[in-house]
Amino acid sequence: FDEAWQRNQQNQMLIARLDALAHQDALTETANRRAMESILENAVSQQKSFSLIMLDVDYFKLYNDTYGHQAGDECLARVAQALKQSVRTPDDVVSRYGGEEFVVILFECSAKMAEQVAARIQDTLRVFAIAHSASKVSNCVTVSMGIAGMTPGLSASQLIAQADAALYRAKEAGRDRWAV
């Protein structure tokens, strides 16, 4: 019995590790894109109320060119940490979308509250003060953000497209800001 119990415990630990590998971005310890897309599709199909923030690290290519790719990885991990500290509840989802892009899903959150989270993200990054001498907007790492709110009839891909369009408006307006 003891051996069977031990084997069961080991199997449970292996399953948990495999689940983390399948759903978590190893570098940033946030949800990976696959997990985020699944959560997003589920929220849309259940007609949940939420807002979404898509964000991009400003001038990240210049960061990598200046400090190197290892420092770039460390920077992304620190940005993810700032995002996780800035969300409102454990139910909010911070995920790496790809490269230097992240998506934050804020459940039961109006656009106005999402803007408050965006401001908190900026404030947290200012406190972290990650040096970025090559940035054209600040001497520290900044992000540009696009905010979109779920409305009935929108698909997950349409919501992502709206947030992405808002993100590019924020970049065109000078970066280190958000657009709705």
Side-chain angles (χ1 to χ4, degrees), residues 23-25 28-61 63 75-130 132 135-138 140-180:
H23 298 102
Q24 188 177 62
D25 179 69
T28 62
E29 297 181 351
T30 62
N32 64 19
R33 184 169 176 163
R34 176 186 302 137
M36 182 279 300
E37 287 174 344
S38 176
I39 292 165
L40 187 59
E41 290 288 344
N42 188 36
V44 168
S45 70
Q46 292 182 10
Q47 299 180 337
K48 290 187 176 181
S49 170
F50 64 93
S51 290
L52 186 139
I53 301 173
M54 178 176 273
L55 62 99
D56 187 67
V57 178
D58 293 327
Y59 299 107
F60 188 71
K61 183 184 180 328
Y63 189 95
C75 173
L76 292 176
R78 293 283 311 216
V79 169
Q81 186 181 12
L83 297 176
K84 291 186 274 188
Q85 286 183 18
S86 300
V87 294
R88 305 158 310 133
T89 73
D91 293 334
D92 292 338
V93 177
V94 175
S95 63
R96 186 167 178 199
Y97 192 69
E100 71 276 10
E101 285 186 315
F102 293 85
V103 169
V104 180
I105 303 172
L106 305 163
F107 292 102
E108 298 298 325
C109 181
S110 67
K112 194 71 172 162
M113 287 195 314
E115 288 186 70
Q116 292 171 358
V117 172
R120 203 163 39 243
I121 290 168
Q122 285 184 319
D123 291 343
T124 304
L125 283 172
R126 284 186 192 105
V127 169
F128 278 28
I130 306 163
H132 189 347
S135 174
K136 297 177 182 180
V137 293
S138 174
C140 293
V141 168
T142 59
V143 296
S144 297
M145 296 174 269
I147 300 171
M150 185 57 195
T151 55
L154 274 184
S155 69
S157 61
Q158 289 170 320
L159 183 63
I160 289 282
Q162 284 185 356
D164 193 42
L167 167 61
Y168 278 93
R169 285 195 305 277
K171 286 181 169 192
E172 289 172 356
R175 301 186 192 230
D176 190 22
R177 65 193 71 226
W178 66 84
V180 181

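In this chain, numbering begins with 1 at the start of the sequence shown.
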**OP:** Any chance you could measure E37, atom CD, to S95, atom OG, to the nearest 0.5 Å?
**Re:** 9.0 Å
Original post:
Which atom pair, heavy atoms only, marks the closest approach of S144 to A170?
Top reply: CB-CB, 4.3 Å
Original post:
So, the side chain of R96 versus the backbone of G99: is there a donor-acceptor pair under 3.5 Å, distance only?
Top reply: yes
Subject >> Stepwise side chain to side chain contact (heavy atoms under 4.5 Å, CB included) check, R175 with Y59 >> reply: CA-CA 9 Å; R175 301 186 192 230; Y59 299 107; 3.4 Å; yes
Original post:
Could you go step by step and tell me if I39 and F107 meet the side chain to side chain contact (heavy atoms under 4.5 Å, CB included) rule?
Top reply: CA-CA 11 Å; I39 292 165; F107 292 102; 3.9 Å; yes
Original post:
Under the 3.5 angstrom rule, does the side chain of K84 hit a backbone N or O of E29 as a donor-acceptor pair?
Top reply: yes
**OP:** Look only at the side chain of S51 and the backbone of C109, and say whether a donor-acceptor pair between them is shorter than 3.5 Å.
**Re:** yes
Original post:
Yes or no on side chain to side chain contact (heavy atoms under 4.5 Å, CB included) for L83 and L55, after CA distance, side-chain angles and deciding distance?
Top reply: CA-CA 10 Å; L83 297 176; L55 62 99; 3.6 Å; yes
Subject >> Short side-chain to backbone donor-acceptor contact, R120 and S86, under 3.5 Å >> reply: yes
**OP:** Applying side chain to side chain contact (heavy atoms under 4.5 Å, CB included), run through L167 and E101 and close with a yes or a no.
**Re:** CA-CA 10 Å; L167 167 61; E101 285 186 315; 3.8 Å; yes
Subject >> Gap separating the NZ atom of K48 from the CG atom of L40, nearest 0.5 angstrom >> reply: 11.5 Å
Subject >> Side chain proximity check, I121 to W178, heavy atoms < 4.5 angstrom >> reply: no
Original post:
Between atom CD1 of I53 and atom CZ of F102, what is the distance when rounded to the nearest 0.5 Å?
Top reply: 13.0 Å
Original post:
Are F50 and V93 close enough that some pair of their side-chain heavy atoms sits under 4.5 Å apart?
Top reply: no
Subject >> Atom pair CE (M150) and CD (Q158), whose distance is rounded to the nearest 0.5 Å >> reply: 8.5 Å
Original post:
CD of Q46: more than 12 outside heavy atoms within 6.0 angstrom?
Top reply: yes
Original post:
For V137, does its backbone N or O pair with a side-chain atom of S135 as donor and acceptor, under 3.5 Å?
Top reply: yes
Subject >> Side-chain heavy-atom pair Y63, V57 within 4.5 angstrom cut-off >> reply: no
Original post:
Any side-chain donor-acceptor pair under 3.5 Å between D25 and T30?
Top reply: no
Subject >> Approximate separation, where rounding is to 0.5 Å, of L52 CG and I147 CD1 >> reply: 9.5 Å
Subject >> Test item: M145 and V143 side chains (from C-beta on) under 4.5 Å apart, heavy atoms >> reply: yes
**OP:** Would you give the length of the straight line joining atom CG of D58 to atom SG of C140, rounded to the nearest 0.5 angstrom?
**Re:** 12.5 Å
Original post:
Do the side chain of R169 and the main chain of V180 share a donor and acceptor less than 3.5 angstrom apart?
Top reply: yes
Subject >> Single hit among V117, V94, D91 for side-chain contact (heavy atoms from CB on, under 4.5 Å) with L106 >> reply: V117
Original post:
So which of D176, D164, D56 actually passes salt bridge (charged side-chain N to carboxylate O under 4.0 Å, His left out) with K171?
Top reply: D56
